[in-house]
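Lettering follows sequence order; numbering is per chain, from 1.
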Number of protein chains: 2
Amino acid sequence: MDKDNDLTIRQPVAAKPKIPPPSIFAKPFARSTDPGVVQLLTEDEQAALIAISRVVEFRRHTVIYPEGGRSRFVYNVISGVAETYCLLPDGERRVSSFLFPSDLLGLSENGEYVATAQALTPLTAYKMPFEDLARLVRRDPDLDVVFLCKLCHELRQAERHTVTAIHNDARARVAGFILWLWRSEVTALTDDTTVTLPMLRHDIADYLGLSTEAISRALHQLETGGLIQRRGPRALQLLNIQELRRAAREI
Amino acid sequence: MDKDNDLTIRQPVAAKPKIPPPSIFAKPFARSTDPGVVQLLTEDEQAALIAISRVVEFRRHTVIYPEGGRSRFVYNVISGVAETYCLLPDGERRVSSFLFPSDLLGLSENGEYVATAQALTPLTAYKMPFEDLARLVRRDPDLDVVFLCKLCHELRQAERHTVTAIHNDARARVAGFILWLWRSEVTALTDDTTVTLPMLRHDIADYLGLSTEAISRALHQLETGGLIQRRGPRALQLLNIQELRRAAREI
DNA sequence: CGCGATATTGAAGTCTGTCAAGCCCTGTGG
DNA sequence: CCACAGGGCTTGACAGACTTCAATATCGCG
């Protein structure tokens, strides 16, 4: 629609960055001209969502909502990165997903959030009361299809994550993760081959089912192989994307 | 139609088992009195779905639809078990899910099925033309919410599968898988502690990210520990469900 | 500039994958 | 109904990969 893209992640310190509208991207399940992800919301729908929403901001490491908490709101990320995790009975933490701009946040079950959501960077989002959203969806069949589409998209992604994470070794998992991050952070960026890692090694390790040491070693391997270059612990330079995709077994 | 049931989900041999209506179970995301899975379809909605559906049957090992094929239909399983899998570039097969009665089948992307679906047992299903279903959903906002609910449910399940499969050892994965199967096969059963494994070890192994040998060894461990008893390669008796849950790290 | 937390690197142990062999089940055909 | 053949399942041995434990290096924040 408009250039909500330029804000997705980093943004030069602007005087008053204007807020992009609510945004839901997905690959439609029906055949379409564009085989990639597309904006599913029309301007009217964006306006309708804005009408029931409030823009909220979270600082780094803030809990957006807790696991088990009463689920009253759904969030549409505007900028920043978040993670969701569950706490196991034995106290361990299990990262279940990372969320980027235009992602939806607030999956619930029986009126309770199924995981804790936490901001990994400063984060802004549209906060939509669940009830209002339900009313809106019930009234606008097209909007409803939008959410169906998005959920299908997420489901496919989740299945792919499972399949690839489960069968590959550490190097392949990390390569795949880097590529996923890279695509998620895609913007109208000058330098297209830089990836920032807003999360800790621990979070990556947990998400991929590895130890933090294994992450380090895999990064070392990829660097030695000339596929990437580490620029400090939170930034990577992609040197050979073709090889990265092969390492991730995407090809 | 016929009594394919006694294989997968046993049902007393009735002369003419009447076909159960379309069925979608899920835990609602909104708070409800019943915290478990509930039937989301009203009788009217079931009738509407029947009106656009055809009941189809598949024999064991039949392909229901192929990966990459034009996605024209969505299926609602009535009886039997199916699996979906993708073929990797190197020819390997990746099982992405198992489907049971009342599950939905036919996830697509850009008009194409994202995986091959195959019957593991004789299977019957409602076959719904995608276009008709879309029309129906667009007209009936409640039905629409049903599908949203079901998709959320599937998404949660997928995330749980990932989280548990990735972090646990072979024994825990198999224990969790057995419990999942057990719950999926729940019917008005006489013997509540029997689980049938309609799929090959290879399929289980692939789904859990293990080798067939690891599955065998894990079953052996569980049997030695007195948690289960093998009754031939396709049936298990659950001896200690409490311990099984602990083994699966559910507690 | 210094401290605490995070990240990396090294060494030993454990678990699973792989390879190989034997057993069991199933389904077929007589 | 029984025998047989083929495929699936199980079990054992070994190598490889990851985890764990431990120590060092580095980053980031006050």
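- Rounded to whole Å, the distance from CG on B/Leu200 to P on C/dC25 is 16 Å.
- Separating the CG atom of A/Asp169 from the C1' atom of D/dC18 is a distance of 10 Å, rounded to the nearest angstrom.
- Interface residues of residues 214-227 of chain B facing DNA chain D, ordered by number: B/Ser216, B/Arg217, B/His220; criterion, heavy-atom separation under 4.0 Å.
- Looking at B/His220 and B/Arg217, their side chains never bring a donor and an acceptor atom within 3.5 Å of each other.
- Put simply, CG on B/Leu197 is 12 Å from P on C/dT26, counting in whole angstrom units.
- Going from atom CG of B/Leu210 over to atom P of C/dT14 covers 20 Å, rounded to whole Å.
- Residues A/Gln237 and A/Thr193 have side chains that bring a donor and an acceptor to within less than 3.5 angstrom of each other.
- Ring pair B/Tyr207/B/Phe98: centre-to-centre distance below 6.0 Å.
- Using a 4.0 Å cut-off, no side-chain N or O of B/Arg60 falls inside it from OP1 or OP2 of C/dT26.
- Going from atom NE2 of B/His167 over to atom C1' of D/dC18 covers 13 Å, rounded to whole Å.
- Counting any heavy atom pair closer than 4.0 Å across all strands shown, B/Arg231 reaches no nucleic acid atom.
- Among the atoms of the strands shown, none is found under 4.0 Å from any heavy atom of A/Arg173.
- Straight-line distance from the NE2 atom of A/His61 to the C1' atom of D/dG28: 12 Å, rounded to whole Å.
- Nearest approach of B/Thr196 to B/Glu185, heavy atoms of both residues: O-OE2, 2.7 Å.
- In terms of position on DNA chain D, the residue among A/Pro233 and B/Arg230 whose nearest nucleotide sits closer to the 5' end is B/Arg230.
- In this structure, B/Arg201 atom CZ and C/dC23 atom P are separated by 19 Å, rounded to whole Å.
- In this structure A/Arg54 satisfies the salt bridge (Lys or Arg N to Asp or Glu O under 4.0 Å) test with no other residue, sequence neighbours excluded.
- The separation between B/Gln229 atom CD and D/dT10 atom P is 14 Å, rounded to whole Å.
- Scanning for side chain to side chain donor-acceptor pair (under 3.5 Å) contacts around A/Arg93 gives A/Glu83, A/Asp203, with sequence neighbours left out.
- Comparing C/dT9, C/dT16, D/dG28 against the side chain of A/Glu213 picks out C/dT9 as the nearest.
- Ring planes of B/Trp180 and B/Phe100: perpendicular class, angle over 60° (limits at 30 and 60°).
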